[in-house]
Undergrad: 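Take this structure first; my questions come after.
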Amino acid sequence: MGLFIWQAIILISIGLWIYCLIDILKNKFAQNDKIIWILVVILIPFIGSLLYLFIGKNKKLKSN
């Protein structure tokens with residue numbers, strides 16, 4: 001049972017990581033923010049993904 005829980009946590013974190021990278025690449029950011037968020041998410045995978053979801057999604061430029 002413990003192994004199943006760890007596998008589920010790992011799969012969820014990988015899915016979150018991929019979702020964040022795709023979302024960063026699809027959207028526009030001011031100046032060099034896109035590069036910074038990509039580096040944060042790649043270099044600090046789980047924490048960087050959470051930071052992007054709570055902080056970075058609000059920094060996207062609005063398209064009219």
Side-chain angles (χ1 to χ4, degrees):
M1 188 66 171
L3 181 62
F4 174 74
I5 293 171
W6 281 110
Q7 289 174 340
I9 290 171
I10 289 172
L11 285 175
I12 290 170
S13 67
I14 290 171
L16 179 67
W17 185 72
I18 291 171
Y19 169 77
C20 288
L21 283 176
I22 290 171
D23 192 57
I24 293 169
L25 293 173
K26 283 176 38 178
N27 292 296
K28 293 184 180 185
F29 291 85
Q31 299 172 349
N32 291 331
D33 286 353
K34 182 181 270 194
I35 295 170
I36 292 169
W37 279 115
I38 289 173
L39 289 175
V40 168
V41 170
I42 288 176
L43 296 176
I44 316 168
F46 184 70
I47 296 171
S49 297
L50 291 177
L51 285 173
Y52 173 71
L53 289 176
F54 290 114
I55 299 170
K57 282 187 89 77
N58 299 331
K59 303 290 183 183
K60 293 189 289 191
L61 295 177
K62 305 274 190 247
S63 60
N64 293 331

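This structure is a prediction, so every number in the text was calculated from the model and none was measured.
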Undergrad: Tell me the closest heavy-atom pair linking Cys20 and Ser49, and the distance in Å.
TA: SG-O, 3.6 Å
Undergrad: Can you name the nearest heavy-atom pair linking Trp17 to Ile42, along with the distance?
TA: NE1-CA, 3.9 Å
Undergrad: With sequence neighbours excluded, give me every ring pair (Phe, Tyr, Trp, His ring centres under 6.0 Å) pair touching residues 41-60.
TA: Trp37-Tyr52
Undergrad: So does Ile47 have more than 12 non-hydrogen atoms from other groups sitting under 6.0 Å from CD1?
TA: no
Undergrad: With sequence neighbours left out, write down each residue that passes side chain to side chain donor-acceptor pair (under 3.5 Å) with Asp33, or none if nothing qualifies.
TA: none
Undergrad: Can Val41 be reached from Leu43 by stepping across I, L, V, M, F, W or Y side chains whose heavy atoms are under 4.5 Å apart?
TA: yes
Undergrad: Atom CD1 of Ile24 and atom CG of Leu39: how far apart are they, to the nearest 0.5 Å?
TA: 9.5 Å
Undergrad: Strictly distance-based, threshold 3.5 Å: is any side-chain N or O of Lys34 a donor or acceptor partner for the main-chain N or O of Asn27?
TA: yes
Undergrad: Just verifying a value: how many Å separate Ser13 OG and Ile18 CD1, rounded to the nearest 0.5 Å?
TA: 9.5 Å
Undergrad: Hey, quick one: are Leu25 and Ile14 part of the same hydrophobic cluster, counting side-chain heavy atoms closer than 4.5 Å, chains of contacts allowed?
TA: yes
Undergrad: Determine whether Ile44 and Ile22 fall in the same hydrophobic cluster, where Ile, Leu, Val, Met, Phe, Trp and Tyr are linked whenever their side-chain heavy atoms lie under 4.5 Å apart.
TA: yes
Undergrad: Working to the nearest 0.5 Å, report the span between CG of Leu21 and CG of Leu16.
TA: 9.5 Å
Undergrad: Establish whether Phe4 and Ile10 are linked, either directly or via other cluster members, by ILVMFWY side-chain heavy-atom contacts under 4.5 Å.
TA: no
